[in-house]
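To keep things clear, I will list the structure first and then write my remarks on it.
Source: prediction; values computed, not measured.
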Amino acid sequence: MAAPITQDQWKTVRASLRRVGDRFIELVVSAPDARAEVTPGWSVSDTAAHLTVVAWLYTSLVRPQEVPNPFPSLRGRLDDITVDDIDDFNDLTLRDFTERDPRKLTELLSAHIDDLLDSTGHLDPAQPIPWLGGSRVPVAGIVAHLLNELLLHGHDIGRALDRPWRIASRDAAFFVELFMVGVVRNGSGRLLETGQPRSERPIAVEFRSPYITTVTLVLREGRVTLGEPGLAPDVRVGFDPAVFNLMMFGRIGKLRAMLSGRVTIGGPRPWLLPAFLRVVHMP
């Protein structure tokens, strides 16, 4: 079973969000041309707009009465979004949110990060919040997901501009420990309904890193649960979170990640991992 969320984790992930948010903002405003392409179809400004959208939306999820969903295209549709619909989600929100001036965007992003942190400071970090696809994510997982978005898209912008962008393994680990495990613990709803063929047998995958408490996830009939203590895994994944997250989100290839030695695959049935990852991948 996964360990509970501690106050130290909660304090640290909040500090990391503020620090990485500031770094991201500095990177955006330093871009010589905010129209420069960062990823296919997205400029520096588009990327900053996406992060602003996510921070704003998360504040509305935490404070739905005070901050209604600001994006008309998403109203009434959040429960229907799955991991395979994320591109549509991004297209809809960026169509609603048209600001592209980098300085205005960074001011808005900073304000929404502050608002999210202020809104959650008094909450239990384990309190579940409705998220995409009818899933439920702990408050700390919401903060960790935004942190991971900043880390990944900071990597994208840094690579496009040939600027250094370091991802600290401790920061990256929060995505696995607080968000990914948090979704499984609280219920993934329709989020992981990918339409992929279901495995004929349960698949248990152990995730082990110096930066997290070792956890085993079990895929059974299209649903993911936390493994019971003592469960023998089919696959063991050892990883450095900074590389693992880049791999899982397609920033580096699986072969490159494994050749680096910072992602290792073992266990008695490692060939089952691809079937597991066809379902268990996170937006």
Side-chain angles (χ1 to χ4, degrees), residues 1-5 81-87 131-138 141 144-145 148 151-152 167 169 172-283:
M1 296 293 285
I5 298 170
I81 294 172
T82 71
V83 290
D84 290 340
D85 298 330
I86 292 303
D87 286 344
W131 200 63
L132 307 182
S135 62
R136 292 168 66 80
V137 179
H145 189 271
N148 189 61
L151 291 170
L152 291 175
I167 297 179
S169 298
F174 287 124
F175 175 79
V176 176
E177 194 155 47
L178 300 182
F179 175 78
M180 192 167 82
V181 172
V183 170
V184 174
R185 185 194 297 275
N186 288 282
S188 59
R190 296 187 59 245
L191 185 65
L192 301 179
E193 292 182 5
T194 63
Q196 294 287 340
R198 295 184 175 184
S199 171
E200 295 182 358
R201 52 151 292 171
I203 303 173
V205 180
E206 178 188 274
F207 293 90
R208 180 182 294 272
S209 169
Y211 299 92
I212 72 165
T213 300
T214 298
V215 64
T216 299
L217 303 184
V218 181
L219 174 64
R220 180 185 291 107
E221 297 182 352
R223 293 289 176 181
V224 185
T225 57
L226 296 173
E228 295 294 333
L231 175 68
D234 298 296
V235 186
R236 292 186 174 90
V237 178
F239 63 98
D240 178 334
V243 175
F244 180 76
N245 290 6
L246 290 173
M247 180 190 79
M248 291 294 288
F249 286 88
R251 268 58 179 190
I252 63 173
K254 294 181 175 64
L255 179 60
R256 177 183 167 190
M258 289 187 286
L259 288 175
S260 75
R262 296 169 72 183
V263 175
T264 61
I265 310 297
R269 287 169 286 276
W271 58 86
L272 294 177
L273 184 60
F276 178 90
L277 293 178
R278 279 197 293 270
V279 177
V280 187
H281 56 284
M282 295 292 178

State the CG-OG1 distance between Asp240 and Thr264, to the nearest 0.5 angstrom. 11.0 Å
d(Met248 CE, Asn245 CG) to nearest 0.5 Å is 8.5 Å
Please confirm whether Trp131 and Phe179 have ring centers closer than 6.0 angstrom. yes
Closest heavy-atom contact between His145 and Phe175? CD2-CE1, 3.9 Å
Evaluate the side-chain contact (heavy atoms from CB on, under 4.5 Å) criterion for residues Leu246 and Leu152: first the C-alpha distance (whole Å), next the side-chain angles of each, then the deciding distance (0.1 Å), finally the verdict. CA-CA 7 Å; Leu246 290 173; Leu152 291 175; 3.9 Å; yes
Between OG of Ser169 and CZ of Arg262, what distance do you get to the nearest 0.5 Å? 5.5 Å
Start with the C-alpha gap between Thr225 and Leu217, add the side-chain angles, then the distance that decides, and say whether side-chain contact (heavy atoms from CB on, under 4.5 Å) holds. CA-CA 6 Å; Thr225 57; Leu217 303 184; over 6 Å; no
For the CG atom of Leu192 and the CZ atom of Arg278, what is their distance to the nearest 0.5 Å? 14.5 Å
Between Pro270 and Pro268 the two heavy atoms that sit nearest each other are CD-C, 3.5 Å
Can you label the angle between the Phe244 ring and the Phe207 ring as parallel, tilted or perpendicular, going by 30° and 60°? perpendicular
Run the side-chain contact (heavy atoms from CB on, under 4.5 Å) test on Val137 and Asn186 for me, step by step, so that the C-alpha distance in whole Å, both residues' side-chain angles and the decisive distance to 0.1 Å come before the verdict. CA-CA 6 Å; Val137 179; Asn186 288 282; over 6 Å; no
Taking it one step at a time, do Val243 and Ile167 satisfy side-chain contact (heavy atoms from CB on, under 4.5 Å)? CA-CA 9 Å; Val243 175; Ile167 297 179; over 6 Å; no
Sequence-distant partners of Arg201, salt bridge (charged side-chain N to carboxylate O under 4.0 Å, His left out), two or more places apart: Asp234
State the CG-CG distance between Leu277 and Leu272, to the nearest 0.5 angstrom. 11.0 Å
Is Glu206 salt-bridged to Arg208, cutoff N-O under 4.0 Å? yes
Could you check whether any side-chain heavy atom of Pro138 comes within less than 4.5 Å of a side-chain heavy atom of Arg185, counting everything from C-beta outward? no
Do Ile212 and Phe174 have side chains that get closer than 4.5 Å, going by heavy atoms? no
Tell me every residue that passes side chain to side chain contact (heavy atoms under 4.5 Å, CB included) with Leu231, counting only those two or more places apart in sequence or in another chain. Ala204, Thr216, Val218
Taken to the nearest 0.5 Å, the spacing of Arg223 CZ from Ser188 OG works out to 5.0 Å
Do you know the tightest heavy-atom contact between Ala144 and Leu178? CB-CB, 3.9 Å
